Every structure is written in structure tokens, then in C-alpha cells.
Amino acid sequence: MFRILTQRVLGQSLLQQGIRPGAVASASRCFASAAKDLTVREALNSALNEEMSADPRVLLMGEEVGEYQGAYKITKGLLDKYGPDRVLDTPITEAGFTGIAVGAAYHGLRPVVEFMTFNFAMQAIDHIINSAAKTYYMSAGQISVPIVFRGPNGAAAGVGAQHSQCYASWYASCPGLKVLAPYSSEDARGLLKAAIRDPDPVVFLENELLYGEAFPVSAEVLDSNFALPIGKAKIEREGKDVTITAFSKMVGFALKAAEILDKEGISAEVINLRSIRPLDRAAINASVRKTNRLVTVEEGFPQHGVGAEICTSVVEESFGYLDAPVERIAGADVPMPYAANLERLALPQVEDIVRAAKRACYRSVPMAAAV
Amino acid sequence: MASLLRNSGKITTTAGLIARPGFQGGRGFGLSSFSLFFSSPRRFQTTESESRVDSHCYDDEISQKFSVLGGKVPYTSGMRFTSELPEEKVPCYRVLDNNGQLIDSRNFAGISKEIAMKMYTDMVKLNTMDTIFYEAQRQGRISFYVTTTGEEAINIASAAALKIDDFIVPQYREPGILLWRGFTPQDFANQCFSNKFDDGKGRQMPVHYGSKKLNYFTVASTIASQLPHAVGAAYSLKMDGKDACVVGYFGDGGSSEGDFHAALNFAAVLEAPVIFLCRNNGWAISTPASDQFRSDGVVVKGQAYGVRSIRVDGNDALAMYSAVRSAREMAITEQKPILIEAVTYRVGHHTTSDDSTRYRPLEEIEWWQMARNPLTLYRKWLESNGWWNDEAEAELRSNSRKELLKAIQVAEKIEKPPVGDMFTDVYDAVPSNLFEQEKLLQQTVTRYPQDYPSDVPVRAVPSS
């Protein structure tokens with residue numbers, strides 16, 4: 001029936017196969033006959049636990065990850081199990097502990113660095129880019145950096161401008177980094193395990209509001225060998241009229257939008273990107289060649305965003321297949337306001353996605369009469 | 001003569017090895033008073049060091065439970081501000097006097113003749129390499145170069161005091177350590193000329209050397225970013241339980257970076273076996289040390305972070321050797337960081353893109369070149385032992401020069417790295433997009449050779 005990759009994922013064999021339009025290697029449908037419900041938090045915790053158990057070189061570093069069990073409880077229980085040598089509570093210096101983790105990675109350890117949010121990672125961005133991303137190249141392959149940077153990214157609820165930015169497009173523009181953005185618990189488990197096992201530096205963008213959300217997962221997902229390939233998107237919902245790409249929390253919104261569109265006779269195909277760098281251009285293009293219409297959805301700022309890259313990729317490779325201009329849904333081009341009503345207006349909502357899809361299908365509804 | 005430490009006065013030298021202890025002990029600080037300073041800070045009111053504690057404050061429950069500072073803190077009803085500068089600057093350890101004689105032979109542990117000789121010959125080779133490569137840059141044969149002139153003793157003596165398993169994390173003014181460990185003149189030249197034999201595959205500017213084999217981490221251009229890296233690497237060594245330490249080098253300018261503070265702080269907390277070796281050469285491009293910090297140099301910052309530290313005369317090869325050897329032993333056996341401030345002078349310009357006569361007097365440069373010149377000083381000591389003479393000097397200088405000139409000539413003629421090397425090592429495995437881009441580039445260069453330099457090695461790619 002539905003097969004997923006369960007062998008140890010190394011990443012390279014899949015990537016070297018090149019772009020094969022139409023063949024999305026491991027896209028698998030939702031496991032409807034689920035074994036149990038797993039929250040994203042539990043998925044991440046179990047992934048960290050299993051990888052730490054399997055490889056003594058894996059260690060965790062970050063603020064509050066140990067005694068406090070993690071600012072969002074993602075690392076709960078790990079200090080007790082693995083001890084303070086492998087779960088390090090760091091002083092408050094993102095630049096400092098990121099640099100230290102990178103140095104440890106240079107010397108053969110496999111650190112997983114937690115940022116309380118990726119907003120704070122800006123203090124460490126020199127080490128993420130100049131030290132982690134570029135060193136394998138600059139050292140001509142002598143020094144590898146098998147490090148994972150993880151933490152909540154993007155908007156939460158009522159946390160204001162300095163706690164709500166989405167960094168997907170910033171990191172995804174840098175060669176040397178891999179950038180992942182899980183949505184479901186299956187994504188969280190599979191991608192984090194793959195990230196920890198990957199020899200390259202990986203930026204792992206979680207979402208605070210998804211931590212508590214439960215998703216049904218199958219027994220295969222719960223197996224300790226489970227991992228998802230990096231660089232492959234997932235078709236969350238198949239459709240034939242319009243392609244909607246999304247990542248992280250917006251996948252949920254896109255799926256809701258697809259339900260609404262379905263009632264109005266528009267069959268939307270929802271792609272969960274999972275991997276922002278490398279972007280699964282093959283899957284996106286294959287989908288657009290099928291539907292001929294595209295809506296990109298992201299929470300982050302519009303300019304130079306993920307949607308802009310997806311649009312260009314489709315224009316470069318599948319221009320002749322487009323029947324309508326590409327629609328781009330993104331957050332408002334303002335620092336995130338705090339007041340609840342303003343915050344809601346600054347972020348994409350389900351209705352925005354529905355309207356964009358209708359515009360792409362030339363069934364646009366005038367703004368004044370919006371649903 | 002312009003004083004190197006311009007705050008005030010001169011630093012005193014000491015012939016004995018005195019380290020300023022940081023806080024003792026592991027997690028809890030077991031100090032009962034702050035009087036372990038070697039030079040006591042000026043206070044608003046002077047008091048006796050023993051009797052100034054109001055001892056009845058110690059035993060009450062509140063004081064005992066007040067553990068934020070990790071143990072007993074003496075209370076005082078006299079309000080005292082600790083002075084911003086110590087009464088006396090931290091003394092600077094040196095072994096050789098200005099005539100190259102041991103100041104106090106009791107305080108010098110000794111060195112084998114073999115190592116002593118290699119130290120000198122390597123210092124001369126380093127000095128010669130700098131002269132020749134600098135000239136090469138001026139002639140337009142390489143694009144850029146960074147000399148180590150004046151800091152040869154720091155480079156070579158510290159390398160000599162370490163072992164090959166000790167992991168080196170350099171800034172960019174420490175090629176001498178590579179030289180000591182076996183990097184050849186040809187290796188240096190190949191990197192500077194970015195030819196196909198460059199270990200760095202032509203990826204970086206000149207002087208950005210690196211060697212996994214010699215445990216010398218690749219030079220990056222970012223300032224002080226290597227210091228937290230050094231701590232992380234030391235942590236990894238600690239977990240491995242190896243009989244080795246990490247040495248992170250940096251300059252006076254680098255000590256202003258946030259990374260320096262995080263690194264020292266963390267190293268102390270993590271109890272990492274790392275030596276922080278500061279080459280305080282007085283200048284950060286055109287910024288003199290007096291504009292860089294207002295503390296008594298960098299050594300005092302060690303205690304601020306709970307790191308044992310020492311100030312050494314960086315131009316005294318034997319002092320450097322001695323201090324680094326002791327530091328290494330302490331770092332490994334006690335599993336804790338050590339800070340060494342090597343006081344020296346940057347005789348050359350910051351890099352070939354700099355003309356330092358624009359911001360400092362020529363007399364100052366010349367003075368340092370003459371007085372306490374690391375090579376001259378050390379040579380005097382070797383000669384006083386009967387281990388060196390003028391003939392040997394002339395021969396060494398001549399041979400080094402020839403070898404380096406030849407290395408440049410050879411390096412210049414070697415092919416540049418292949419175009420394919422541009423696309424590897426971005427990731428562990430070459431991703432498909434780079435695979436495609438490389439193919440396209442190879443085809444384009446082959447098809448339009450007139451648009452590309454003639455020395456770009458391409459591979460034939462079938463235009464499928």
C-alpha cells in the first residue's frame with residue numbers, strides 16, 4: 001500500500017538522482033489507519049531521545065534545556081536520562097553557545113543547539129552562516145559540521161515584533177545549510193532524526209503553536225529507525241485545479257482552505273514543503289504542470305520570501321503550463337504588532353488562501369464581497 | 001619611546017612564573033575572602049587584608065543561605081569601590097634579559113638543545129617567509145599577505161611547547177605553528193597562489209591555511225569567532241578524555257569581540273581544557289590598545305571570568321615556551337581554561353592592504369625592531385651556549401631564502417584548481433542543482449574560451 005523510507009537516511013543517494021519530474025520518491029499519504037495520536041512535542045522529544053541513545057556523540061545545548069526540561073518542554077526528561085555532560089544548560093549568550101557547539105562539531109561531536117526562538121538566533125547568525133554553513137567549503141572538505149540548530153520559528157500568539165519573525169527565507173538562501181520546516185508529528189519525528197544524522201549543518205524550524213497539536217501516526221513512524229528524506233515535499237492532499245504550497249503551520253491552514261474550496265467545486269492540491277533548502281522543485285513543478293495554477297503560502301514577510309523562490313522556479317521550469325499568474329500569500333510587510341486584532345490581520349488566514357485560490361482559478365470575488 | 005600600554009606607566013617584569021589564580025574549585029566557589037590578589041586593588045579606605053572581615057556576619061542563617069555568590073562572602077560596613085585599575089600592573093614574565101642571558105636560572109625549567117635549535121631555525125624561516133611573501137605581494141604575484149613579523153617567538157615557542165595532538169584554533173597571524181608542525185614552504189606558497197595543490201582547493205584568500213593532518217583548524221577571516229569554537233573543541237576533547245588541549249589564538253583587538261567574553265566565561269563553566277593565547281601586539285589595524293580597552297591589558301579579564309591567567313613577554317622565546325608548557329599541563333591535568341597574554345609588538349603592517357606609518361611613528365616601529373627583537377634576543381642566548389654562530393646564521397638565512405623563492409616560483413607556475421572544485425564541499429554530497437550548474441559551466445567555458453581566462457582547467461562534458 002503506502003511505503004515510506006525506513007532505512008537510515010543519508011540524504012545523498014536521493015539527491016544525486018537529480019530532478020525527475022513526476023516521480024516524487026517518497027510522498028506518502030496520510031496514515032489514516034493510525035496507530036496512535038502523537039503531539040509534535042512528543043514527536044520531537046522521542047526523536048531526540050532515540051538519536052541520543054543511538055549515537056553517544058549527539059549532545060544538546062541551549063538555554064533551559066536541562067533542569068527546566070526545555071522552555072517548551074521539548075527536551076523533557078533528557079537531562080535525567082543522559083546527564084549534564086550531554087544535556088548542557090548554557091549561559092545566556094546565543095553567540096557564545098552557538099560558537100561552542102560549532103567548535104564541538106568541528107571536533108567530531110554532533111550537537112543539537114536549541115534556540116528559544118529563532119529571533120534570538122540572530123545573535124548567533126555569524127556562527128550559523130560564517131562558521132557552520134561555510135566551513136566545509138572553506139576548509140576544502142577537511143572540517144565537517146554535523147550540527148542541528150532547532151527551535152520555534154515564525155509567529156506565536158501575542159508575542160510581538162521581536163518574537164515573531166520567520167527566518168525560513170534568510171537561512172534558505174545560504175549554500176551550505178539545509179533548512180527544514182516540519183508540520184505534523186510524522187514530519188517532526190522523521191525530519192529531526194534525518195537532520196541529526198545528516199553530516200551537513202541543518203536549520204530546523206519548528207512552530208510553537210504546533211507543539212501541542214496531536215496528529216495520528218502509524219507504527220512505522222514510531223519505529224526508532226524511521227526517518228524522512230531531506231529535500232522531498234509531501235502531497236498532503238491531492239487535487240487537480242490549483243496547487244497550494246505551504247510549510248509549517250500554514251499547511252494546516254492550506255488544508256482547511258482546500259476543504260472550503262472543495263465545497264465550491266475547486267479541487268486544490270496541497271503540498272507540504274517539509275524542506276525549504278533544498279526545495280523540492282520537482283514535486284512543485286510536477287504539481288503545477290498538472291493543475292496549471294499556483295498559490296504559495298507562508299507566514300513570513302513577502303519580499304524575498306519562500307514564495308518568491310517557488311514562483312521563480314515554476315516560471316523557469318514550467319512557464320508554459322501556467323494558466324494564471326502565481327498568487328503569493330505572505331505575512332504583512334510590517335513588524336508584528338501585538339494587539340490581537342492587529343496580529344490576526346498581519347498573518348495569513350484561511351480566507352486569504354481561499355480567495356487567492358479563487359483568483360488563480362479566475363473565480364475571483366471582489367474584495368468588498370469577500371467571504 | 002611610545003609606551004605599548006598607554007594607560008599609565010610601565011609594566012614590571014618578573015623572572016618567576018606567577019599565575020593569577022582564578023576561583024578555585026568546581027561548581028561551588030570555596031573562597032572565603034577576596035584577598036588572593038597578587039596586586040591588591042586600591043580601595044576607598046585601606047584596610048588590613050586579614051582583619052577587615054566583620055566575622056559575626058558569617059555565621060548567621062541568612063548569610064549561609066545566601067548562596068548566589070557560591071559560598072561565604074565577607075560583609076563590610078565600610079563602603080569600598082574596587083578601583084578600575086590595580087595599584088600595580090600585572091607583572092610580565094620573562095626569562096632572558098636584554099643580552100640574552102637567563103635572568104634567574106632557577107625559574108627556568110630548561111629545554112633540550114634539539115628543540116631549542118629547531119625553535120631558532122623555524123623563527124628565522126618564518127621571518128624569511130614573511131619577507132619574501134610580502135615582496136611577492138608587492139610585486140603583484142599574490143593578491144594579499146599577512147606578516148607575523150615581531151611575533152615569531154609567540155608562534156614558534158608556543159608550538160614547541162605543545163604536542164601534535166593539541167588542537168590549534170588560530171586567528172590569522174600564527175602560521176609559525178604550522179611551520180613547526182611540518183607545513184613546507186611549498187605548502188604555504190601553494191595556498192597563497194591558490195593553485196591545484198592548495199590543500200584549501202583555492203577556496204580562500206592567502207594566509208587562510210588549514211591542515212586536518214597537523215591539527216590546525218582552517219583560518220577564517222572573522223575575528224574572535226574561533227574562541228568559542230576552541231571551547232567547543234576542548235569540550236569534545238574532554239569527553240574523549242584525551243591527553244591533549246586546545247589552543248585558541250587571538251589579538252588584543254579580538255578581545256573586544258563578544259565571542260571572547262562568551263568563550264572565556266563558558267570555558268570556565270564547562271571546565272574545558274583550553275588555552276586562550278592573546279597576542280597583545282598593541283595594534284588592531286590602526287586602533288591602539290589604549291582605544292581598545294581601558295583595563296590593564298587582557299590578562300586581568302581572566303580572573304573576571306574565573307580563568308587562571310598570566311602575562312608573558314611575547315618576544316622572549318624561552319618565557320613563551322615555559323609558560324605555554326605549564327599552561328598546557330594545568331589545562332589538561334586540572335581540566336580548566338588558562339589565559340596567556342603575550343605582550344609583543346606588531347612590527348609589520350596589519351596586512352599588505354595597510355600602511356601603518358600613517359598612524360604610528362616610524363621611530364616606534366624601529367625601536368621595537370631593535371629592542372627585544374625576538375630573533376636577536378634568542379640568538380644571543382643560543383650563542384652564549386655555543387650552539388650558534390655567524391656562519392650558521394648566514395647559511396640558514398641563505399638557504400631559507402632560496403627555498404622560499406623556489407617555492408614561489410614553482411607555485412606560480414602550477415595550474416589553478418579545476419573548475420569542478422568550485423562546486424564540491426558545499427554539502428557532504430553534491431546536490432543535483434550544483435551538479436547541473438557545474439556541467440553547464442564546463443560546457444560554456446569550453447564553447448566560449450575567449451570569454452574566460454586561459455588558465456582555467458575544464459573537463460570535457462558531452463553537450464547532451
Side-chain angles (χ1 to χ4, degrees), chain A residues 10-19 56-57 59 61 85-86 88-91 93-109 111 123 126-127 130-131 133-144 146 175-178 198-201 231 277-279 281-282, chain B residues 167 169 198-204 208 210-213 217-222 224-240 246 248 257-267 269-270 272 274 417 421-422 424-436:
Chain A
L10 301 172
Q12 51 263 46
S13 55
L14 294 156
L15 290 168
Q16 275 172 342
Q17 283 162 29
I19 300 174
R57 296 170 300 170
L59 74 160
M61 292 179 78
D85 279 353
R86 292 184 67 195
L88 277 71
D89 273 326
T90 65
T93 164
E94 276 73 11
F97 66 71
T98 306
I100 287 170
V102 170
Y106 289 154
H107 201 269
L109 292 180
Q123 303 231 295
D126 179 71
H127 279 297
N130 274 335
S131 300
K134 297 179 185 171
T135 289
Y136 193 59
Y137 189 75
M138 290 191 332
S139 71
Q142 293 185 81
I143 299 162
S144 71
L177 285 180
K178 289 180 174 159
D198 199 285
D200 296 314
R277 185 178 181 107
L279 200 55
R281 297 167 203 274
Chain B
F167 195 64
V169 182
D198 170 23
D199 281 338
K201 296 185 191 168
R203 301 271 169 74
Q204 295 219 66
H208 288 64
S211 170
K212 186 169 177 170
K213 197 177 62 169
F217 177 68
T218 308
V219 174
S221 310
T222 42
S225 57
Q226 72 279 5
L227 296 178
H229 297 165
V231 178
Y235 189 76
S236 178
L237 267 183
K238 184 183 169 87
M239 284 183 86
D240 285 344
V246 177
E257 279 282 357
D259 275 347
F260 164 79
H261 302 275
L264 259 70
N265 189 38
F266 248 108
V269 171
L270 290 175
V274 55
D421 272 1
M422 190 162 92
T424 54
D425 308 322
V426 180
Y427 295 100
D428 188 63
V430 181
S432 56
N433 66 319
L434 289 186
F435 190 66
E436 295 297 325

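On a predicted model such as this, the values are computed, not experimentally measured, just so you know.
Using a 4.5 Å heavy-atom threshold, the side chains of Thr222(B) and His127(A) count as separate.
Contact of Leu434(B) with chain A is not made at all, since no heavy-atom distance falls under 4.5 Å. Residue Ser225(B) touches chain A through both its backbone and its side chain, counting heavy-atom pairs closer than 4.5 Å. Using a 4.5 Å cut-off between heavy atoms, Leu88(A) touches chain B through its side chain atoms alone. For Phe260(B), no part lies near chain A; criterion is any non-hydrogen pair under 4.5 Å. There is no contact between Ser221(B) and chain A, counting heavy-atom distances below 4.5 Å. Proximity to chain B involves both the backbone and the side chain of Thr90(A), based on heavy atoms less than 4.5 angstrom apart. Looking at Ser144(A), there are no atoms closer than 4.5 Å to chain B (heavy atoms on both sides), in backbone or side chain. With a 4.5 Å cut-off on non-hydrogen atoms, Asn265(B) touches chain A through its side chain but not through its backbone.
The line from CZ of Arg57(A) to OG of Ser236(B) is 10.0 Å long, rounded to the nearest 0.5 Å. With rounding to the nearest 0.5 angstrom, the OG1 atom of Thr218(B) is 15.0 Å from the NZ atom of Lys134(A). Taking CD of Gln204(B) as the start and OH of Tyr137(A) as the end, the distance is 10.0 Å to the nearest 0.5 Å.
Remark: side-chain polar atoms of Asp428(B) are not paired, donor with acceptor, to backbone N or O of Asp200(A) under 3.5 angstrom. For Tyr106(A) (side chain) and Ala230(B) (main-chain N/O), no donor-acceptor pair under 3.5 Å exists by modelled atom type. In this structure a side-chain-to-backbone donor-acceptor pair under 3.5 Å is missing from Tyr427(B) to Pro175(A).
Put simply, of Met422(B), Gln226(B), Lys213(B), the one with the most heavy-atom pairs under 4.5 Å next to chain A is Met422(B). No other option in Asp126(A), Ile143(A), Thr93(A) has as many heavy-atom pairs under 4.5 Å with chain B as Ile143(A). Interface check for chain A: of the options Lys238(B), Lys212(B), His208(B), the most heavy-atom pairs under 4.5 Å are formed by Lys212(B).
When all heavy atoms of Met138(A) and Ala220(B) are compared, the closest pair comes out as CE-CB, 4.2 Å. Minimum interatomic distance between Asp199(B) and Ala140(A) (heavy atoms only, all atoms of both residues): O-CB, 3.2 Å. Here the closest heavy-atom approach between residue Leu59(A) and residue Tyr235(B) is recorded as CD1-CE2, 3.8 Å. Shortest non-hydrogen contact noted between Asp85(A) and Met239(B) is O-CE, 4.1 Å. Of all non-hydrogen atoms in Phe266(B) and Pro91(A), the two that sit nearest each other are CZ-CD, 3.1 Å. Taking each heavy atom of Pro228(B) and Gly96(A) in turn, the nearest pair found is CB-O, 3.7 Å.
With no hydrogens or angles considered, no side-chain donor-acceptor pair links His107(A) and His229(B) at under 3.5 Å.
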